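This report concerns only the one structure given below.
Since this is a predicted model, take the numbers as computed values, not measurements.
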Amino acid sequence: MKTVLGYPRIGPARELKKAVEKYWSGDSNAAELEAAAHRLRADTWHDLAGRGLDVLPGNTFSYYDQMLDHVQLFGIVPDRFRGLSKLDTYFAMARGRDEVAPLELTKWFDTNYHYLVPELTENTVFQLDATKPLEDLAAARELGVDTRPVLIGPMTFLLLSKSVTPGFEPLSLLDRLLDAYADLLNQLESAGAEWVQLDEPALVQDRTPAELDALRRAYDRLATLTDRPRLLVATYFGDPGPALPVLTSTAIDGLAVDLVSAPGLVDQLAVLPSLRRKTVVAGVVDGRNVWRTPLGDALSTCAKLLDSVGQLVVSTSCSLLHVPYDVEAEDELDPRVRERLAFARQKVDEVVVLGRALSEGVLVDLGNPPGGPVEESGLAREQAVRDRAAAIRPADRQRPSYDERRTAQESIGLPALATTTIGSFPQTADIRRTRADLRVGRIDSATYDERMRAEIARVIGPQEELGLDVLVHGEPERNDMVQYFAEQLDGFATTKQGWVQSYGSRCVRPPILYGEVSRPAPMTVSWASYAQSLTERPVKGMLTGPVTILAWSFVRDDQPLATTADQVALALRDELADLDAAGIRIVQVDEPALRELLPLRAAEQKAYLDWAVGAFQLATGGAPAGVQIHTHLCYSEFGAVIAGIDGLDADVTTIEAARSRMEVLTDLAAVGFRRGVGPGVYDIHSPRVPSTEELTALIQAALATTSAEQLWINPDCGLKTRGYDEVVPALRHLVEAAQAARS
């Protein structure tokens with residue numbers, strides 16, 4: 001047997017993104033959007049069935065996010081979104097509308113996918129509306145496709161939800177929620193579903209005894225329902241640990257496990273007698289990275305379980321949502337890199353080959369993936385990179401004391417409650433067209449540079465007029481904050497169609513880090529220097545930090561991440577030295593992914609933070625005291641990495657805080673954080689333009705825990721996805737709010 005736990009839903013050419021954004025802009029109606037979605041879903045089913053999977057995952061399609069789908073599924077839409085059509089209510093929860101703020105947005109465990117956070121109170125009533133999963137199941141049956149509806153499991157749904165009532169624990173709603181799940185399972189069984197997949201990735205995190213008791217109660221109840229499909233509980237992203245015996249002791253019918261991130265789990269499974277009566281879905285094909293699977297090793301892993309379980313099914317470690325569609329579209333990749341890669345379609349092929357090998361005893365040769373790192377052309381250069389990293393000293397990761405730096409930076413001349421933005425300005429159609437023209441040869445490099453300088457001048461002027469204190473050049477030359485650097489560093493490859501959904505209609509193309517990393521030439525100095533020449537106000541140099549470059553790339557897996565991070569950090573250290581030499585007094589080194597890579601188990605987190613913080617310190621450790629180092633973090637629960645944020649030792653840290661209403665500042669105050677901090681007051685992931693009064697209220701909330709000397713006023717992220725018609729009034733209100741707070 002062979003299946004996958006999920007599949008990309010944006011379309012091979014981002015068809016969903018284009019259809020949704022066309023609807024948002026008013027250029028299409030709901031019926032046209034629905035028709036486009038149905039075509040995309042049907043094409044996916046046909047492709048997966050044609051590639052040889054036995055059962056396909058169903059109900060994985062979403063216009064924006066699966067957690068948001070469940071908010072509507074269980075009828076828990078907050079009152080502030082009432083009064084719209086069902087579809088517009090859905091998008092309003094994701095993006096906000098008028099003066100109504102959207103749901104909070106944060107990372108899905110340790111991935112770069114973002115989910116919308118459900119809001120619950122002690123009075124929440126779950127009112128099931130099973131329309132979506134039932135229609136999905138019916139549509140598949142009409143096409144002659146056998147699907148297994150996929151749902152977020154009740155434990156994960158509640159553990160990831162947010163209480164909007166102080167002191168209230170969402171898990172206390174479990175019994176009410178189980179009533180809704182029982183009703184849903186009954187309806188799915190009546191509609192012909194043979195299996196239902198309940199995703200419970202929250203079980204690979206540390207769970208309390210009370211939470212494990214709740215887990216047992218949940219699946220004891222669901223598994224003993226009389227009218228239900230068979231239940232497959234999927235854990236992924238790690239080892240379920242103490243949750244494993246709890247789950248397997250219940251009457252669930254199947255268990256999906258991630259044997260890529262937790263290879264040692266196979267030995268535990270082999271000795272659990274309760275699995276002899278259950279189906280085990282073995283996740284031996286990596287759903288999160290793009291390297292081809294060593295099929296012989298994966299087959300050996302599966303063989304260890306054959307005699308220990310009721311039925312063995314070969315699968316991916318998690319949903320393939322986290323990888324691009326098809327490596328066959330990448331005809332410009334270096335063949336040495338390309339031959340090592342498997343995107344979603346190739347991973348399905350690997351699953352099918354392994355499944356057939358188990359049932360038929362024949363392992364079809366897909367061509368063995370080459371072993372070892374991809375060597376670049378300059379072997380001496382690669383050795384020099386390794387030697388330099390090996391020679392790093394503790395002193396290389398240290399800057400002068402913060403008191404010394406603060407005194408040295410007074411000459412920059414900034415006021416209290418200084419205003420700035422995070423880096424990027426809107427990426428207009430003209431900017432994207434110019435970049436495309438350069439790529440296909442319609443313009444030369446000189447023409448491209450001229451147009452980018454004109455765009456920088458266009459950005460600098462309005463910032464001065466608005467009264468911002470620290471300016472940015474707007475990053476018009478950057479297609480993406482990671483890809484831009486990957487295209488200029490040795491050891492990386494980039495793709496044409498390697499799109500992966502980050503949130504909603506936002507897609508990224510993660511670079512592929514395959515070799516030793518070094519910087520052949522300066523990457524940002526000319527743009528920053530030109531911007532600074534246009535104004536007397538300070539302009540920030542803009543770099544992406546080493547941890548974020550790793551987190552938002554597909555990284556080589558043949559050496560420790562810490563080693564790779566230090567190589568990237570050394571390249572950035574060289575860039576920062578060149579910015580300093582060019583007279584740039586403020587440099588922002590973004591680390592929005594610091595929280596993202598944090599291991600899901602507490603026992604592993606200190607080791608990660610040691611090397612992650614160390615890599616940032618290595619990148620910035622050469623900056624003299626008079627250079628003000630900023631960093632930026634966004635869309636994560638920061639409590640777990642507060643010590644790490646402090647350890648970065650940046651002079652100013654800007655953090656997403658608009659949707660969470662400044663909650664992070666309480667955590668920072670608790671650890672005695674004394675350097676500059678800019679909690680974002682303008683939520684740029686919503687098209688709303690916040691009023692001056694709204695921003696003033698957020699600033700006053702921030703001042704309740706943070707001194708005016710520490711506090712910076714800024715948006716919570718870059719502005720590239722917004723339009724100037726939103727950005728200009730929002731920034732005007734931001735500056736007005738800061739000025740009001742100063743007075």
Side-chain angles (χ1 to χ4, degrees), residues 8 12-14 112 286-294 320 322-347 350 367-379 381-386 389 435-436 438-441 477-500 502 507-521 523-524 543-559 561 563-572 575 593:
R14 295 180 294 160
N112 189 33
D286 194 344
R288 292 184 57 177
N289 212 334
V290 293
W291 307 109
R292 287 170 54 187
T293 303
L320 293 172
H322 308 288
V323 296
Y325 270 85
D326 191 358
V327 77
E328 295 299 324
E330 305 303 330
D331 52 10
E332 295 180 9
L333 272 179
D334 185 328
R336 297 171 300 173
V337 178
R338 191 172 182 269
E339 67 181 353
R340 289 167 160 78
L341 302 179
F343 291 177
R345 282 178 174 160
Q346 288 71 44
K347 289 178 183 295
E350 291 177 337
N368 290 324
V374 179
E375 296 291 352
E376 299 182 69
S377 57
L379 296 180
R381 184 172 69 250
E382 293 165 13
Q383 186 59 50
V385 173
R386 290 190 285 266
R435 217 164 24 237
L438 176 67
R439 187 168 58 248
V440 300
E477 79 288 358
R478 302 187 191 186
N479 42 24
D480 175 83
M481 65 181 293
V482 172
Q483 183 178 342
Y484 174 79
F485 291 95
E487 289 173 342
Q488 300 184 75
L489 292 169
D490 286 340
F492 283 87
T494 57
T495 65
K496 291 192 306 180
Q497 295 295 331
W499 295 104
V500 176
S502 179
C507 304
V508 295
R509 279 182 295 162
I512 299 165
L513 196 167
Y514 64 81
E516 314 298 343
V517 179
S518 61
R519 186 196 72 145
M523 302 177 286
T524 67
L543 304 177
T544 300
V547 174
T548 299
I549 287 178
L550 262 62
W552 294 353
S553 300
F554 295 117
V555 180
R556 58 188 292 186
D557 56 3
D558 61 308
Q559 69 180 14
L561 277 177
T563 301
T564 308
D566 276 352
Q567 290 185 3
V568 177
L570 287 170
L572 296 173
E575 185 71 12

Is the closest side-chain heavy-atom distance between [X] and [Y] below 4.5 Å?
{"X": "P12", "Y": "R345", "result": "yes"}
{"X": "W552", "Y": "Q483", "result": "no"}
{"X": "N289", "Y": "V323", "result": "no"}

If I compare all heavy atoms of [X] with all of [Y], which pair ends up nearest, and what's the gap?
{"X": "A565", "Y": "P546", "answer": "O-CB, 3.7 Å"}
{"X": "E330", "Y": "Q497", "answer": "OE2-N, 2.9 Å"}
{"X": "R336", "Y": "E339", "answer": "O-CG, 3.6 Å"}
{"X": "A571", "Y": "L489", "answer": "CB-CD2, 3.8 Å"}

Taking only residues two or more places apart in sequence or in another chain, which ones pass ring pair (Phe, Tyr, Trp, His ring centres under 6.0 Å) with Y325?
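Only Y7 meet the ring pair (Phe, Tyr, Trp, His ring centres under 6.0 Å) criterion with Y325.
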
Side chain to side chain contact (heavy atoms under 4.5 Å, CB included) between F343 and E328: does it pass, once the steps are laid out?
CA-CA 9 Å; F343 291 177; E328 295 299 324; over 6 Å; no

Where the side chain of [X] meets the backbone of [Y], is there a donor-acceptor pair that is under 3.5 Å apart?
{"X": "Q567", "Y": "A389", "value": "no"}
{"X": "S553", "Y": "I549", "value": "yes"}
{"X": "T544", "Y": "V482", "value": "no"}
{"X": "W291", "Y": "V555", "value": "yes"}
{"X": "R509", "Y": "T495", "value": "yes"}
{"X": "S518", "Y": "V385", "value": "no"}

From [X] atom [atom1] to [Y] atom [atom2], the distance as rounded to the nearest 0.5 Å:
{"X": "L543", "Y": "T548", "atom1": "CG", "atom2": "OG1", "answer": "12.0 Å"}
{"X": "I512", "Y": "T494", "atom1": "CD1", "atom2": "OG1", "answer": "8.5 Å"}
{"X": "D480", "Y": "C507", "atom1": "CG", "atom2": "SG", "answer": "11.5 Å"}
{"X": "Y514", "Y": "D490", "atom1": "OH", "atom2": "CG", "answer": "7.0 Å"}
{"X": "D334", "Y": "R340", "atom1": "CG", "atom2": "CZ", "answer": "9.5 Å"}

Check ion pair [X]-[Y] (N to O, under 4.0 angstrom):
{"X": "D331", "Y": "R338", "value": "no"}
{"X": "R288", "Y": "D286", "value": "no"}
{"X": "R519", "Y": "E575", "value": "yes"}
{"X": "R556", "Y": "E516", "value": "yes"}

Under a plain distance cut-off of 3.5 Å, with no hydrogens placed, do Q346 and D326 share a side-chain donor-acceptor pair?
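Yes.
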
Answer with yes or no whether the side chains of T293 and E350 bring together a donor and an acceptor at under 3.5 Å.
yes

Can you check side chain to side chain contact (heavy atoms under 4.5 Å, CB included) on E487 and N479, steps first, answer last?
CA-CA 10 Å; E487 289 173 342; N479 42 24; 3.2 Å; yes

When you measure from the centre of the six-membered ring of Y484, is the NZ or CZ of R478 closer than 6.0 Å and no more than 45° off the axis?
yes

Does the cation-pi check pass for R14 over W499, that is, NZ or CZ under 6.0 Å from the six-membered ring centre and within 45° of its axis?
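Positive - R14 is close enough to the ring of W499 and near enough to its axis.
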
For D566, give me all partners under salt bridge (charged side-chain N to carboxylate O under 4.0 Å, His left out), at least two apart in sequence or on another chain.
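So D566 forms a salt bridge (charged side-chain N to carboxylate O under 4.0 Å, His left out) with R397.
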
Please lay out, stage by stage, how V568 and V547 fare under the test side chain to side chain contact (heavy atoms under 4.5 Å, CB included).
CA-CA 9 Å; V568 177; V547 174; over 6 Å; no

Excluding sequence neighbours, so at least two apart, what forms side-chain contact (heavy atoms from CB on, under 4.5 Å) with P510?
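Counting only residues at least two positions away or on another chain, P510 forms a side-chain contact (heavy atoms from CB on, under 4.5 Å) with V500, V508, F554.
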
